[in-house]
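Order of the sequence lines sets the chain letters (A, B, ...), proteins ahead of strands, with each chain counted from 1.
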Amino acid sequence: MSVGWVFLRYRYLFLLVLSCWVFSVNAAEDMTAKDVVSTFQLRLIDAMSGGSALGFDGRYSKVEVAVRESHHLTKIARIVVGKQWGKLTKAQKKLLVDRFSQLIFSSYAKFFNEFSGETFSYVSEEETRRGGVIVHTLFEIPDDEDVKFDYMMKKKGDSWRIINIIANGVSDLALKRSEYTDVLSRKGFDALIGLMEQKIVLFSKES
Amino acid sequence: MYDLNGRQWWVIGRAVVVLFCFFVVGCATTEKKVAVEDPYEDFNRRVYTFNQGIDDYISQPIVMVYDTVTPDLLQQGVGNFFTNLNNVQVVINDLLQGKIKQGTKDTGRFAINSTLGVFGLFDVAKHVGLKQNTEDFGQTLGVWGVPAGPYLVLPFLGPSTLFQGVPGATVDVLSNPVSYATALPLVQVLSAVNARSEAEESLDFIDKSALDPYTFTREAYMQWRQHLITDGQGAAQASFDELEGEIFSEESEDLELDALESELNVSVEKAQELVFSTERAEFVDDDSEVDRALDLLEVELKNSATEGLAILEKNNQEEDANRIDELVDVPSPVNLDQELLVSP
């Protein structure tokens with residue numbers, strides 16, 4: 001039975017699979033900034049809904065996928081250390097990005113660990129002067145005040161990625177940047193990595 | 001002489017405050033250059049540590065007892081009561097900032113909760129669409145254009161700023177009815193315990209998540225104050241602008257980051273593959289071990305069986321030989337030969 005015979009026999013199936021693949025690739029590329037944010041939020045709610053049944057590891061796996069596919073982690077890690085990025089070796093940069101990513105996943109798994117009917121709703125979006133987009137959303141908590149979540153987005157290749165989240169006016173990126181540059185300048189790179197690793201372990205143990 | 005309307009008082013007040021601030025900032029910058037945002041950091045960090053100690057050994061245990069012995073519904077009532085009293089200060093600052101419409105709503109909120117809400121114990125106003133606003137004199141100063149000034153950590157009180165926070169807190173204390181309840185010290189103590197109890201979740205979050213709680217608190221406080229002063233208008237855009245240079249960095253840097261990310265992704269994939277292959281190897285190894293054990297067992301069984309058969313055969317042969325010897329008594333060939341040789 002030759003390859004040619006197989007192709008001829010199943011040519012329609014091949015074409016169907018191929019068209020589905022092409023469609024899915026295009027769909028991923030065509031996701032708007034708003035789509036990226038809403039997909040991330042849906043996945044976050046999904047991880048929260050799992051709550052204690054999923055456990056820390058279960059929530060971690062879910063949020064890892066959600067964050068990796070929506071955030072520009074390398075860029076964020078670069079920004080939070082400010083000008084000191086230029087002084088780091090390549091190995092240090094890789095270590096920083098790796099630990100930073102783990103800390104983000106752990107934080108989400110730790111603090112978004114239960115679900116009480118919270119929902120995200122889209123409000124609006126605006127373009128920034130240099131081609132970025134800000135997506136405004138509301139985090140609605142039953143019997144409590146809404147929290148404004150604004151997502152700062154930047155294009156990465158063909159897709160939009162989250163660079164910063166601003167909750168009720170408090171910018172996560174600016175906050176982390178202050179904290180990380182401060183620790184770096186006061187205690188050095190090894191101490192920063194040590195502190196990050198401590199938090200990662202702490203988050204995984206407490207949940 | 002004092003025949004001025006509210007707006008004129010507001011303009012004069014603003015002018016006085018702005019002039020005052022120009023004077024103070026002018027003096028400060030003449031004597032010594034003010035650093036970026038936290039020129040008193042060493043002092044602030046010491047006060048921060050002191051406050052942490054007070055909180056750990058005094059405030060937190062009191063709040064723990066309060067949270068344990070007070071039912072949630074009662075705690076909510078106490079919180080509503082003090083929030084409602086605080087609305088006096090909110091309305092004053094609404095007016096000082098020229099927010100007449102909001103001031104009218106906040107007055108209505110105070111009136112409804114003080115009457116229908118039984119002295120503010122129940123938040124009835126939120127059910128008629130009147131949300132709680134946050135206004136204080138520090139914000140008013142910010143709206144009037146007074147800069148925040150250097151960051152300060154005050155003993156017992158916590159984060160503040162020199163030009164907005166300190167004068168703001170002073171005026172707020174004077175405009176809060178609780179301050180005049182000197183005959184009822186319990187009310188003042190309850191107010192402080194309630195405030196600390198409401199902050200518990202935030203303080204716990206900072207304690208757990210921050211790499212450097214002092215810096216985290218300072219940054220979050222400064223951003224939150226700015227958010228209140230601007231009523232959240234343009235905060236995201238301002239934040240984007242502030243970090244714009246780094247977010248939209250040079251192309252060469254983006255290429256470097258992409259290359260780094262690719263390498264890290266490859267590492268992650270390799271690590272996953274390694275875990276998978278190790279698991280697979282363990283799985284296969286387990287089978288091999290079982291197979292090997294079975295093979296060994298089989299060989300041993302075969303050997304045992306062969307040995308057993310050999311022994312059995314040997315025993316049978318010996319028994320047969322003896323039986324033949326006994327029954328037939330046939331001389332052995334050697335003996336036969338000897339007998340033949342001996343016989344004539």
Is B:Gln226 in contact with chain A via its backbone, its side chain, both, or neither, using a 4.5 Å heavy-atom distance?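 Contact with chain A involves no heavy atom of B:Gln226 at all.
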Which residues pass the side chain to side chain contact (heavy atoms under 4.5 Å, CB included) test with A:Glu140, not counting sequence neighbours?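 Result, side chain to side chain contact (heavy atoms under 4.5 Å, CB included) vs A:Glu140: A:Thr119, A:Ser121, A:Leu138, A:Asp146.
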Do other residues, nucleotides or ligands put more than 12 heavy atoms under 6.0 Å from the CD atom of B:Glu200?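 Yes.
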Pick whichever of B:Thr215, B:Asp258, B:Leu211, B:Leu260 has the most heavy-atom pairs under 4.5 Å with chain A.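 Between B:Thr215, B:Asp258, B:Leu211, B:Leu260, the count favours B:Leu211.
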Under 4.5 Å, counting heavy-atom pairs only, tell me which of B:Phe216, B:Phe205, B:Trp224 racks up the most with chain A.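 It is B:Phe216.
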Flag the pair [X] and [Y] as a salt bridge only when some basic side-chain nitrogen lies within less than 4.0 angstrom of an acidic carboxylate oxygen.
| X | Y | answer |
| --- | --- | --- |
| B:Arg218 | A:Glu179 | no |
| A:Lys156 | B:Glu261 | yes |
| B:Asp204 | B:Lys208 | yes |

A:Gln84: partners by side chain to side chain donor-acceptor pair (under 3.5 Å), with sequence neighbours left out: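 A:Gln84 satisfies side chain to side chain donor-acceptor pair (under 3.5 Å) with no other residue.
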Please state whether the side chain, the backbone, both or neither of [X] comes within less than 4.5 Å of a heavy atom of chain B.
| X | value |
| --- | --- |
| A:Lys75 | both |
| A:Val183 | side chain |
| A:Ser178 | both |

Top of A:Glu145, A:Arg177, A:Lys148 for chain B proximity - count of heavy-atom pairs under 4.5 angstrom: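 Top option by heavy-atom pairs under 4.5 Å: A:Arg177.
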With chain B, which of A:Val170, A:Leu73, A:Val97 has the greatest number of heavy-atom pairs at distances under 4.5 Å?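 Ranked by contacts with chain B, first place is A:Val170.
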